[in-house]
Student: 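Before anything else, here's the structure in question.
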Amino acid sequence: MTFRTRFAPSPTGFLHIGGARTALYCWLEARHRGGQFILRIEDTDHERSTAAAVQAILDGLHWLGLDADEGPFYQTQRMERYREVAQQLQEAGKAYWAYESREELDAMREAMKARSEKPRYDGRARDAKLPCRDDPNRVLRFRNPQAGSVVFEDKVKGRIEIANAELDDFVMVRSDGFPTYNFAVVVDDLDMGITEVIRGDDHVNNTPRQINLYEALGAPVPGFAHLPMILGPDGHKLSKRHGAVGVMQYREDGYLPHAVLNYLARLGWSHGDQEIFSIREMIGLFDIADVNHSAARFDFAKLGWLNQHYLKAGDPAELGKELAWHLQRLGLDVAHGPDPAQVVVALRERAQTLKAMAEQARIWYAPIETWDEKAVAKHLRADGATDVLRALHVRLGALEDWSPASIHALVGEVATVRGIGMGKVAQPLRVAMTGTAVSPAIEDTVCLAGRDLALQRIEDAMERATQ
RNA sequence: GCUCCCUUCGUCUAGUGGCCCAGGACAUCGCCCUCUCACGGCGGUAACGCGAGUUCGAGUCUCGCAGGGAGCGCCA
């Protein structure tokens, strides 16, 4: 049997960072073992599932490059199959009809809690052999074994054992005819030939029930691997404030898919001291058995560092396309300004995200809107600054080769000729070009502006200096 | 409450009984580089939750405690 994993999100929201990591590990493990990665949408909760959420999940996976070999399959399109298996189990005496009302069930649980017991179904209809009849409260329950215990070897957590006495007869088929999660996953994983179930560790407690179901079906039990959860920076559960946003939000914030993937890979898994992994390396080195046992906090600082790493290592033309997208989002006209690819080269060592880069690139695409008065006073109105600017204006106007190297040499010469430091030349020029005392290397700042704009801004600056 | 799981620097982690008075990375601090901001280089601060036990020897094995988390639905 070939190795098959699946990612099975429920479309009740976007694909958040925890889901993305689960998908990545499933994908990596499948690729590593030369198996298949299947995508399945668990949409049996018709109250909360939405088509928009399905699309958001698909978009997120696509952006990350986690392509599925099969699917997406939708549970709502497999209703006939669930009915068939349910009937089979019921006829074999492994499932039974029950008709307690919600109120009755609630009261039962309350009573148990009052006695300090774990709230669960007490099996009151277990041996009643009730016939199937029309009833708004009709559900089909699984007849869970009562003796012994379920033991399984979790690929990341190790051996886990839970006594059957702790389990109750869970609902397999709801009164509306829809299967419940615990029932549908088993049928699906079985039908889809899943050999390794990799999912969040909030499912550990469901696993024994599912194993009992596999056994009731006389089916082989797949391997299980439960991933520890991802916590917010504050150590608490992820919330909207810090990371429980859709992965597409990461794109909007200027992160690269590879950086997110690399970060997620290292969040809970490691390969010695290695921090940077190409996709190919991740596939080659990843092993679900090497995943850590404990929850990990999400750290934006490290994600930012990784993102900048990929910004510095990536292809400028490629990155330029994505930068153009961010520039447009800022309302900047990419056609009236430098080639984004060149902007990438000038700014990649100064920005951790493409969004920040786009903001810094504003100086080349739009007029200077705000002036840093302190910078103006210090550099534009400094002694000799106007003379320097005038000289710069003349020489830049006559510069034959408009390139960073030539501009750099020119600035250096102006400083040397006047016997002053580079700072006395570069800073006034910088303020003239940007309105602030902070920008990329002066030659890049000037070069990317283009000659016309550069000369215009020097003129404007000289005028401003006299105000 | 019950069941299950987890516990190494601020954070992510290396570590499978001696190689660890604990290594790497991010963050942080200092120095260098320097036209600003960065990048880069060099260096520093900083951790085995607590207690027993096993052993010649424990971050590594066992037990207990404490702390944290998850589950206990006709949600997934």
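For the numbers below, each heavy atom of this structure counts, side chains included, while hydrogens, waters and symmetry mates do not. Every chain is numbered from 1 and lettered A, B, ... according to where its sequence line falls, protein lines coming before strand lines.
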Student: When you compare the side chains of A:Ser149 and A:Asn164, does any donor N or O come within less than 3.5 Å of an acceptor on the partner?
Tutor: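 A:Asn164 and A:Ser149 do not have a side-chain donor-acceptor pair below 3.5 Å.
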Student: Using whole Å, report how far CE of A:Met112 lies from P of B:rG73.
Tutor: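 Between P of B:rG73 and CE of A:Met112: 10 Å.
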Student: Record whether the side chain of A:Glu443 comes under 3.5 Å of the base of B:rC35 through a donor-acceptor pair of N or O atoms.
Tutor: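 In this structure, the two groups form a donor-acceptor pair.
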Student: Select one nucleotide: of B:rC12, B:rC26, B:rC2, the one nearest the side-chain heavy atoms of A:Ala301.
Tutor: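 The answer is B:rC26.
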Student: Can you say whether a donor on the side chain of A:Arg297 sits under 3.5 Å from an acceptor on the base of B:rU11, or the other way round?
Tutor: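 Between B:rU11 and A:Arg297, which were checked side chain against base, a qualifying N/O pair under 3.5 Å is absent.
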Student: Counting only distance, no hydrogens or angles, is the base of B:rC37 paired donor-acceptor with the side chain of A:Ser439 under 3.5 Å?
Tutor: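 Answer is no: no donor-acceptor pair is held.
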Student: Regarding B:rG24, can its base be found pairing with the side chain of A:Glu275 as donor and acceptor, where the two atoms are less than 3.5 Å apart?
Tutor: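 Yes, a donor-acceptor pair under 3.5 Å.
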Student: Please report the distance, rounded to the nearest Å, between NE2 in A:His293 and C1' in B:rG69.
Tutor: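 It works out to 16 Å between those atoms.
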Student: When you compare the side chains of A:His258 and A:Tyr263, does any donor N or O come within less than 3.5 Å of an acceptor on the partner?
Tutor: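 Their side chains do not contain a donor-acceptor pair, so the 3.5 Å distance test is not met.
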Student: Under a 3.5 Å cutoff, is there a donor and acceptor pairing between the side chains of A:Ser439 and A:Arg430?
Tutor: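 Looking only at side-chain atoms, A:Arg430 and A:Ser439 do form a donor-acceptor pair, the distance falling under 3.5 Å.
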Student: Ignoring hydrogens and angles, state whether a donor on the side chain of A:Arg362 or A:Thr434 is under 3.5 Å from an acceptor on the partner side chain.
Tutor: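 A:Arg362 vs A:Thr434: no donor-acceptor pair found between side chains.
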Student: Once you apply a heavy-atom cut-off of 4.0 Å, does A:Ser270 come out as touching a base, just sugar-phosphate, or nothing?
Tutor: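 Answer is sugar-phosphate: A:Ser270 comes under 4.0 Å of backbone atoms only.
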Student: Could you check whether the side chain of A:Arg350 and the base of B:rC37 have a donor-acceptor pair of N or O atoms closer than 3.5 Å, going by distance alone?
Tutor: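 Such a pair exists between side chain and base.
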Student: Counting distance alone, no hydrogens or angles: does the base of B:rG71 have a donor or acceptor under 3.5 Å from a partner atom on the side chain of A:Asp202?
Tutor: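 There is none.
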Student: Can you tell me the distance, in whole Å, between the CG atom of A:Asn137 and the C1' atom of B:rC74?
Tutor: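 The distance from CG of A:Asn137 to C1' of B:rC74 comes to 9 Å, rounded to the nearest Å.
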Student: Would you say A:Arg266 reaches B:rA25's phosphate, i.e. side-chain N/O to OP1/OP2 under 4.0 Å?
Tutor: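 Checking B:rA25 against A:Arg266, no side-chain N or O comes under 4.0 Å of OP1 or OP2.
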Student: Looking at the base of B:rC72, is there any donor atom on it, or on the side chain of A:Arg120, that sits under 3.5 Å from an acceptor on the other one?
Tutor: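 By the distance-only test, no, there is no pair.
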